[in-house]
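Working notes, beginning with the structure itself.
Numbers restart at 1 for each chain; the letters A, B, ... are given by sequence-line order, proteins then strands.
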Amino acid sequence: MKTDRDNFFDLVYQVVRLVPRGRVTTYGAIANYLGAKGSARVVGYAMNAAHILPDVPAHRVVNRQGLLTGKHHFRTSNEMADRLKEEGITVKEDCVQDFATFFWDPALHLDF
DNA sequence: TGTTTGACCGGTC
DNA sequence: CGACCGGCCAAAC
């Protein structure tokens with residue numbers, strides 16, 4: 001049974017909130033963790049409304065290439081990369097360097 | 001109620 | 001290596 005708080009959106013937000021500082025995750029990983037395997041687009045769509053929420057570090061969510069696809073949705077285009085750099089993540093040309101190293105998979109660290 | 005779109009992913013050409 | 005296509009699911013129109 002679905003309640004207002006069990007929306008897919010909220011689940012996405014909660015997972016993103018659990019991403020540790022200095023780590024990044026991908027839309028696909030979140031989708032997979034939520035059981036919506038292959039529905040990374042929905043996660044991206046959910047992130048579109050994430051900016052209205054205070055504690056959702058959307059800058060830690062990138063696509064599988066480590067590319068900051070969502071930078072354009074921030075207040076400033078450089079805010080996303082700047083924040084990641086500030087957390088110790090190397091970002092170059094809007095791409096997360098050593099992405100595999102900083103990658104944080106919720107399915108590997110969380111448990112339903 | 002049906003169509004369109006979207007901060008994606010994977011495989012193919 | 002770059003471009004193209006299909007699929008996946010939910011919200012907005």
Among A:N78, A:V62, A:N63, find the one that has a side-chain contact (heavy atoms from CB on, under 4.5 Å) with A:L68. A:V62

Per the under-4.0 Å heavy-atom filter, residues of residues 73-84 of chain A near DNA chain B come out as A:H73, A:F74

Close approaches to DNA chain B from residues 57-65 of chain A, in residue order (heavy atom, under 4.0 Å): A:A58, A:N63, A:R64

Do A:F74 and A:L67 share a hydrophobic cluster, counting only Ile, Leu, Val, Met, Phe, Trp and Tyr and linking them when any side-chain heavy atoms are less than 4.5 Å apart? no

Between A:E87 and A:R60 (salt bridge meaning N to carboxylate O under 4.0 Å), is one present in this structure? yes

Look up atom CE in A:M47 and atom OG1 in A:T69, then write down how far apart they are to the nearest 0.5 Å. 9.5 Å

Taking any atom closer than 4.0 angstrom to a non-hydrogen atom of chain A, what span of DNA chain B does the protein reach, first nucleotide to last? B:dG6 to B:dG10

With a 4.5 Å heavy-atom cut-off, do A:V96 and A:I89 have their side chains touching? yes

Could you check whether any side-chain heavy atom of A:D105 comes within less than 4.5 Å of a side-chain heavy atom of A:F103, counting everything from C-beta outward? yes

Any chance you could measure A:K85, atom NZ, to A:Q97, atom CD, to the nearest 0.5 Å? 10.5 Å

Report the stems of DNA chain B as range-with-range entries sorted by first number; a stem here is at least three consecutive pairs, Watson-Crick or G-U wobble, both distances under 3.5 Å, and write none if there are none. B:2-6 with C:9-13, B:8-13 with C:2-7

What residues in residues 39-54 of chain A put a non-hydrogen atom under 4.0 Å from any atom of DNA chain C? A:S39, A:R41, A:V42, A:Y45

Any chance you could lay out the side chain to side chain contact (heavy atoms under 4.5 Å, CB included) test for A:N48 and A:H73, step after step, and finish with the verdict? CA-CA 8 Å; A:N48 199 354; A:H73 288 264; 3.8 Å; yes

Would A:V24 and A:W104 count as a side chain to side chain contact (heavy atoms under 4.5 Å, CB included) if you check the C-alpha gap in whole Å, the side-chain angles of each, and the deciding distance to 0.1 Å? CA-CA 6 Å; A:V24 293; A:W104 181 86; over 6 Å; no

Test item: A:R17 and A:V56 side chains (from C-beta on) under 4.5 Å apart, heavy atoms: yes

Which ones in residues 86-98 of chain A lie close to DNA chain C, meaning a heavy atom under 4.0 Å from one of its atoms? none

A:R23 side, atom CZ; A:T101 side, atom OG1 - distance, nearest 0.5 Å: 8.5 Å

Rounded distance (nearest 0.5 Å) linking atom CG of A:D82 with atom OG1 of A:T76: 8.0 Å

Checking A:T26 against A:V61 for the side chain to side chain contact (heavy atoms under 4.5 Å, CB included) test, could you report, in this order, the C-alpha distance in whole Å, the side-chain angles of both residues, the deciding distance, and whether it holds? CA-CA 5 Å; A:T26 69; A:V61 184; over 6 Å; no

Would you call the rings of A:F9 and A:Y13 parallel, tilted or perpendicular if under 30° counts as parallel and over 60° as perpendicular? perpendicular

Rounded to the nearest 0.5 Å, how far apart are NE2 of A:H59 and CZ of A:R83? 5.0 Å

Any heavy-atom pair between the side chains of A:P106 and A:T25 that's under 4.5 Å? yes

Approximate separation, where rounding is to 0.5 Å, of A:D98 CG and A:K92 NZ: 12.0 Å

Could you give the CG-to-C1' distance, from A:N32 to C:dC9, as a whole number of Å? 14 Å

